[in-house]
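The block underneath contains the structure these notes are about, expressed in structure tokens.
Not measured: the values here are computed from a predicted model. Reminder, nothing fancy here: chain letters follow the sequence lines and each chain counts from 1.
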2 protein chains.
Amino acid sequence: MHMTTQAQGLHTHVLDTLGLAITAGEYPPGSVLRTDELARRFEVSRTVIREVVRVLESMHLVESRRRVGVTVRPTELWNVYDPRVIRWRLAGADRPRQLRSLTVLRSAVEPVAAGLAATHATPGQCRELTEQALGMVATSRGGRLEAYLVHDIAFHRVVLNASGNEMFARLGDVVAEVLAGRTHHHVMFEDPDPAAVTLHVRVAEAVRERDAARAEELTREIAVGALRELDVLAP
Amino acid sequence: MHMTTQAQGLHTHVLDTLGLAITAGEYPPGSVLRTDELARRFEVSRTVIREVVRVLESMHLVESRRRVGVTVRPTELWNVYDPRVIRWRLAGADRPRQLRSLTVLRSAVEPVAAGLAATHATPGQCRELTEQALGMVATSRGGRLEAYLVHDIAFHRVVLNASGNEMFARLGDVVAEVLAGRTHHHVMFEDPDPAAVTLHVRVAEAVRERDAARAEELTREIAVGALRELDVLAP
DNA sequence: GCCGCCAATAAGTATGACTTTTATGTCACA
DNA sequence: TGTGACATAAAAGTCATACTTATTGGCGGC
């Protein structure tokens, strides 16, 4: 992994750097940045800085006021559903709390999504679900965490998509960030919990058999397990 | 020179207009906009347009590519958790579907949030909750929809905040948009459902008495009611 | 018919001048 | 001494323009 992303354009680089710095608390809420100072620091034109600031503003990370500058807003105003904000924060210091709140969100949403999936999933989605569950089983032992992660992400993404609800579907990215985050930062057992793996297979079954109540309940068990795991590993 | 623009700033005006147009389907996915054409149309400099485009890009509404232009992205990629996107879409044509998917989201999240609130709420939040519930009772008859709405929004916001979960708390704005949307666009009975009003009072009670299971269950009933109401009024 | 090169195009970046808003300090007046 | 009007300057906002870079689609050569 490189220190900073570069080839994608000045804008992207500055945005990532600044966003990361702000979410990491390097500039605590209330801090004031000035555009031409930033321009000098990053050695780019004010044009680029202004665009970056506009985007940060659209995430409610900062507020830009005349004669004052660009001030960092209090944490509770940040748009924490923006995937970039999530990634920045998962990379930063308060990853534990972040992972916890995201997992609680998952525990609320995914069971309902699974229930809906059981009534809405297309045959193709059912097949996909079963395949990913089997993939999880196949990679659940022997320290093949990366391969397991791919299937895990795919599984949950299919469930959310199959729910037929747009808001749920768009949480696929968030869930992916969470799963990737807990794997890459080792907030996870060395091998996936066998019970969890089994539960995924049974969820796939329940969806295939159009048993909404069971799909919901089983997914709820997965969520409870994930929360418990978090309690143990990131107190 | 620019007498027609509001005091809020050129940027805001252009962003709102363009965002509304795109989410309304005026520029269907795949359409291409060009920055200097937009600059001429809105009678602003390319600088302003570029900043707006950057923000739209950060919402995944559009993608800007060299030598091609600014292309509208497919709907399923939009960041539908951005409050502005929500407001634009609620103002537009597919409000019914939008309201439905948001209400389903609420039905997943709010019960869990209420359960957490029962164990996390501060005395102040309990009091606030009771006050708002009583406010709802007081304004629930006689066509005082606007006053009722204020209490309704405040009530749900307190629950989400009291849950102690950051992701839930940030959904306060979303819920507010939904409640405001269904009131202002008359996707609601003339007077609030008395059963719903009572349920809110009982939720406040349950939270005050730290009864998580009951708070969750009662909130679930509120959600079910809201969904049913939607079925009747926006099929 | 295929491949590679070239030119047209539209976004990206830089710069400098100018405007607008507004926080703050100053001064006169009560 | 306190208060309000007013001037000042600081920083973002806006604009015009020139220049750079990536990309695409077509043209010509093979």
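Residue A:Val68 is classed as a sugar-phosphate contact, given heavy-atom separations below 4.0 Å to backbone atoms only. Residue B:Val53 is classed as having no contact, given no heavy-atom separation below 4.0 Å to the nucleic acid. Counting non-hydrogen atoms under 4.0 angstrom, A:Thr47 reaches a base of the nucleic acid.
Of the possible donor and acceptor atoms, one in the side chain of B:Asn161 sits under 3.5 Å from a partner among the backbone N and O of B:Arg157. Between the side chain of B:Asn165 and the backbone N or O of B:Phe168, at least one donor-acceptor pair lies under 3.5 Å. Looking at A:Thr103, its side chain never comes within 3.5 Å of a backbone N or O of A:Leu227 through a donor-acceptor pair. A distance-only check finds no donor-acceptor pair linking the side chain of A:Arg106 to the backbone of A:Ala223 [under 3.5 Å].
For B:Arg40 and B:Glu37, the salt-bridge test fails: no basic side-chain N is under 4.0 Å from an acidic carboxylate O. One finds a salt bridge joining B:Arg54 and B:Glu57 here, because a Lys/Arg side-chain nitrogen approaches an Asp/Glu carboxylate oxygen to under 4.0 Å.
Among residue pairs with one or both ends in residues 64-83 of chain B, those qualifying as salt bridge (charged side-chain N to carboxylate O under 4.0 Å, His left out) are B:Asp82-B:Arg84; sequence neighbours excluded.
A heavy atom closer than 4.0 Å to some atom of DNA chain D occurs in no member of residues 27-34 of chain B.
Closest contact between the side chain of B:Ser45 and the listed nucleotides C:dA11, D:dT14, D:dA12 involves D:dT14. For A:Thr35, the listed nucleotide lying nearest its side chain is D:dA12; candidates were D:dG13, D:dA12, C:dA11.
Exactly one of B:His151, B:Gln132, B:His156 qualifies for a side-chain hydrogen bond (donor to acceptor under 3.5 Å, both in side chains) with B:His200. That residue is B:His156.
Taking side-chain N and O atoms only, B:Arg65 has a distance below 4.0 Å to OP1 or OP2 of D:dT24. For the pair A:Ser64 and D:dG13, the criterion of a side-chain N or O lying under 4.0 Å from OP1 or OP2 is met.
Per the geometry, CD belonging to B:Glu43 stands 14 Å off C1' belonging to D:dC15, to the nearest Å. In this entry the distance linking CZ of A:Arg46 with P of D:dT14 reads 11 Å, nearest Å. What separates CD1 of A:Ile49 from C1' of C:dT13 is a distance of 12 Å, to the nearest Å.
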Using atom names, set out every protein N or O paired with an N or O of nucleotides 20-22 of chain D below 3.5 Å, distance rounded to 0.1 Å.
from	atom 1	to	atom 2	distance (Å)
D:dT21	O2	B:Arg66	NE	3.3

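Between B:Leu56 atom CG and B:Ser64 atom OG the span is 10.5 Å, to the nearest 0.5 Å.
In the interface, the side chain of B:Arg54 is not paired with the base of C:dG12 through any donor and acceptor atom under 3.5 Å apart.
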